[in-house]
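A short worksheet on the structure shown next.
Because the structure is predicted, anything quoted here is derived from the model rather than measured. Note that ligands are numbered from 1 as they come in the structure, with each ligand's atoms numbered from 1 the same way.
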Amino acid sequence: MSNNLGIVILAAGQGTRMRSARPKVLHSLADKPLLRHVIDSAQALRPAVLSVVYGHGGETVPAAINDPTIQWVEQREQLGTGHAVEQALPTLRGLDRVLVLYGDVPLISAPTLARLLEQGRDSALALLTVALAEPFGYGRIVRDARGAIQRIVEQKDATEQELEIRETNTGMLCADRASLERWIARLDADNAQGEYYLTDIVELAVQEGTRVQSAQPRFAEEVMGVNDRLQLAMLERHYQRSRAEDLMRQGLTLRDPYRFDLRGSLEFGPDAEIDINVLLEGQVSLGEGAFVGANSVVRNSRIGAGVQIKENCVIEDAVIGEGAVIGPFARIRPDTDLAAGVHIGNFVEIKKSSVGRGSKINHLSYVGDSEVGRGVNIGAGTITCNYDGANKHKTVIGDDAFIGSDTQLVAPVTVGRGATIGAGSTITRDTPDRQLTLSRPKQQSLPGWKRPVKTPKGG
Ligand code: UD1
Ligand code: CA
């Protein structure tokens, strides 16, 4: 947006109320650290410099975020929000404007920040404020009789009358860079908490004749901070609901938007549909008319057009071809590629395998490290014995093969094209094309055999 914009994210605080060994800003919302949410919104504004002030948790914070576009600034002692911003000033030299954000306020959106920047265009200082029914704990925005902002007073420093004010400080602000430096140099810690309050710059700006501007967020949740796990869960719910609503507006059918979680990104074609209690993680795409059944988890996978995923499936790092039918109760593990029209039924596990067009594995099977051709039918209870205790081996099944139920294919092994394997076989050597191979003792019946009977007791 502006090449002369610098953004500072404050993330040095401890977050005692999380009662966690992990720094607060690294706790996850929708599988992404709180701080990363803020960074993503900040980066959407294309700042010339993005600085993050860190402290508690030390180097674990920069290491976990691992983003070379960020200037990391350590604040060794947390002496207040004014002191925190001061630490970042050297990274902002030569810039026109500065936007201050908070690492524990994850849902701040780029459109709201754009509005704040707009207010800061003609004023040396613009604040993001929000009216709250219960403003307890927040700094209050003190305005004069004509509505001009005079100063911010913290909860702990406020008079009875000031505590009645509903308009609160979100902490986020946009300031002229040179003015900010001048104001910060004049801050003192003469207040109830003995901290350098960033909020005191408001009074200094007003003294210089600045007309302080303000903007408001679209939703109160955008400016809500995370202090404990309860607040984290509430923001997660808000986030999930608003993403579900966005997806539905874009044409996705969610049978119940309140029972849907997306921890990552979703692309979908027309008329894709998702039943209740579905969890999507990482990057997922659903083709036109694809359906994901209730209680399924899909992670980093491409689901083709018209695919039916029935209830209770787990699919991870897989590609599912058009019109395939999966489940119920199927597990598709990483590096699996199922071609169009494949059927995978209940209690079937597929790992690191490709399955050709139209092949069926409908019941109770394990297929791992395999290359299964087209038109193959794998009977119930078939197992590829891919692991010898030390190494994994490959199973190759030719096109149109028929594997009888309860077969073990001891890898490495190849089943020929059009081959038939008799039920209950243990196949340890390659089998020829188009022939019947079976390995089981001949069935026999013993004429005249008598079933034993119990000897009577005490006889
Ligand atoms: C601050 C504001 C208050 C506002 C509230 C909104 C001040 C003095 N008060 O109060 O007006 O209503 O936020 O939530 O600014 N931080 C650092 N280094 C520090 C101190 C804080 O990085 O030395 C970070 C914290 O990690 C946190 C943020 O700054 O993310 C806010 O600090 P916190 O102490 O929670 O400020 P509040 O007292 O809530
Ligand atoms: Ca706070």
Side-chain angles (χ1 to χ4, degrees), residues 7-18 20 22-27 33-35 37-39 42 51-58 61-62 72-89 99-108 116 125 127-132 134-142 149-158 162-163 165-173 175 180 183-184 187-204 212 214 216-217 220-228 231-232 235:
I7 301 184
V8 179
I9 302 176
L10 305 189
Q14 183 174 15
T16 324
R17 280 178 280 163
M18 294 299 282
S20 171
R22 207 182 333 163
K24 177 165 74 174
V25 293
L26 294 184
H27 279 257
L34 298 176
L35 178 54
H37 283 268
V38 184
I39 291 168
S51 298
V52 178
V53 181
Y54 70 105
H56 265 283
V61 176
W72 293 97
V73 178
E74 189 177 6
Q75 185 194 22
R76 288 210 180 76
E77 267 184 295
Q78 279 76 62
L79 303 179
T81 46
H83 178 257
V85 173
E86 186 178 25
Q87 309 309 300
L89 291 176
L99 183 63
V100 177
L101 306 178
Y102 291 73
D104 58 357
V105 182
L107 301 188
I108 188 64
L116 177 59
L125 185 59
L127 308 174
L128 189 66
T129 73
V130 66
L132 297 178
E134 289 173 43
F136 182 86
Y138 293 95
R140 309 297 207 284
I141 307 293
V142 182
I149 294 176
Q150 293 301 297
R151 59 195 173 88
I152 298 175
V153 61
E154 293 303 300
Q155 172 82 31
K156 289 181 181 154
D157 301 288
E162 286 165 339
L163 291 177
I165 300 170
R166 295 277 172 86
E167 188 183 9
T168 66
N169 174 36
T170 66
M172 287 171 265
L173 56 82
L180 182 66
W183 300 328
I184 284 183
L187 293 180
D188 61 44
D190 190 9
N191 52 54
Q193 301 182 78
E195 287 182 1
Y196 293 91
Y197 289 169
L198 180 61
T199 46
D200 285 348
I201 67 171
V202 176
E203 229 175 324
L204 297 173
V212 178
S214 65
Q216 283 72 39
E221 287 87 351
E222 281 190 58
V223 298
M224 280 162 63
V226 172
N227 292 305
D228 58 30
Q231 289 169 333
L232 178 58
L235 289 188

Check: Looking at Ala192 and Lys156, what are the two nearest heavy atoms and their distance?
Finding: CB-O, 3.7 Å

Notebook entry, point to check: Taking both backbone and side-chain atoms of Asp104, is any N or O found less than 3.5 Å from an N or O belonging to ligand 1?
Noted result: yes

Notebook entry, point to check: For ligand 1, is there an N or O atom under 3.5 Å from any N or O atom of Gln193?
Noted result: no

Checklist line | Contact check: Gly80 vs ligand 1, nitrogen or oxygen atoms, below 3.5 angstrom | finding: yes

Next item on the list: Taking Arg166 for its side chain and Ala131 for its backbone only, find out whether a donor-acceptor pair lies under 3.5 Å.
Entry: no

Notebook entry, point to check: Just which atoms of ligand 1 are under 4.0 Å from any heavy atom in Leu10?
Noted result: 22 (O), 24 (C), 29 (O), 30 (O)

Check: Which pair of heavy atoms, one from His56 and one from Pro23, lies closest together, and at what distance?
Finding: O-CB, 4.0 Å

Checklist line | Atoms of ligand 1, numbered as shown, that sit under 4.0 Å from any heavy atom of Gly139 | finding: 3 (C), 4 (C), 11 (O), 12 (O)

Item checked: Stepwise side-chain contact (heavy atoms from CB on, under 4.5 Å) check, Glu74 with Gln87 -> CA-CA 7 Å; Glu74 189 177 6; Gln87 309 309 300; over 6 Å; no

Checklist line | For ligand 1, the portion of Glu154 having any non-hydrogen atom under 4.0 Å away | finding: side chain

Check: Taking only residues two or more places apart in sequence, or in another chain, which ones meet Tyr102 in a side-chain hydrogen bond (donor to acceptor under 3.5 Å, both in side chains)?
Finding: none

Margin query: What I want to know is whether Gly171 and ligand 1 share at least one N or O pair that is separated by under 3.5 angstrom.
Written below: no

Margin query: On a heavy-atom basis, I'd like to know which of Gly55, Ala11, Gly13 is closest to atom 26 (O) of ligand 1.
Written below: Gly13

Notebook entry, point to check: At a 4.0 Å threshold, what atoms of ligand 1 neighbour a non-hydrogen atom of Gln78?
Noted result: 18 (N), 19 (C), 23 (O)

Item checked: Exercise: identify the closest heavy-atom pair between Leu198 and Thr81 -> N-OG1, 3.0 Å

Item checked: Proximal atoms of ligand 1 relative to Tyr197 (non-hydrogen, under 4.0 Å) -> 8 (C)

Margin query: Using a plain distance cutoff, I'd like to know if Asn169 has any nitrogen or oxygen under 3.5 Å from a nitrogen or oxygen of ligand 1.
Written below: yes

Item checked: ligand 1 N/O within reach of Thr81 N/O, cut-off under 3.5 Å -> yes

Margin query: Going by the rule side-chain hydrogen bond (donor to acceptor under 3.5 Å, both in side chains), which residues pair with Asp157 if we only count those two or more places apart in sequence or in a different chain?
Written below: Tyr197

Check: Judged by atom type as modelled, is there a donor-acceptor pair below 3.5 Å linking the side chain of Thr168 to the main-chain atoms of Pro135?
Finding: no

Checklist line | ligand 1 N/O within reach of Ile152 N/O, cut-off under 3.5 Å | finding: no

Check: Backbone or side chain, does any N or O of Val53 fall under 3.5 Å from an N or O of ligand 1?
Finding: no

Next item on the list: Taking only heavy atoms of Thr199 into account, list the atoms of ligand 1 that are under 4.0 Å away from them.
Entry: 7 (C), 8 (C), 9 (N), 11 (O), 15 (O)

Notebook entry, point to check: Can you name the one residue among Val73, Val38, Leu99 that meets side chain to side chain contact (heavy atoms under 4.5 Å, CB included) with Ile9?
Noted result: Val38

Item checked: Ligand-side contact atoms (ligand 1) for residue partner Leu79, heavy atom cut-off under 4.0 Å -> 23 (O)

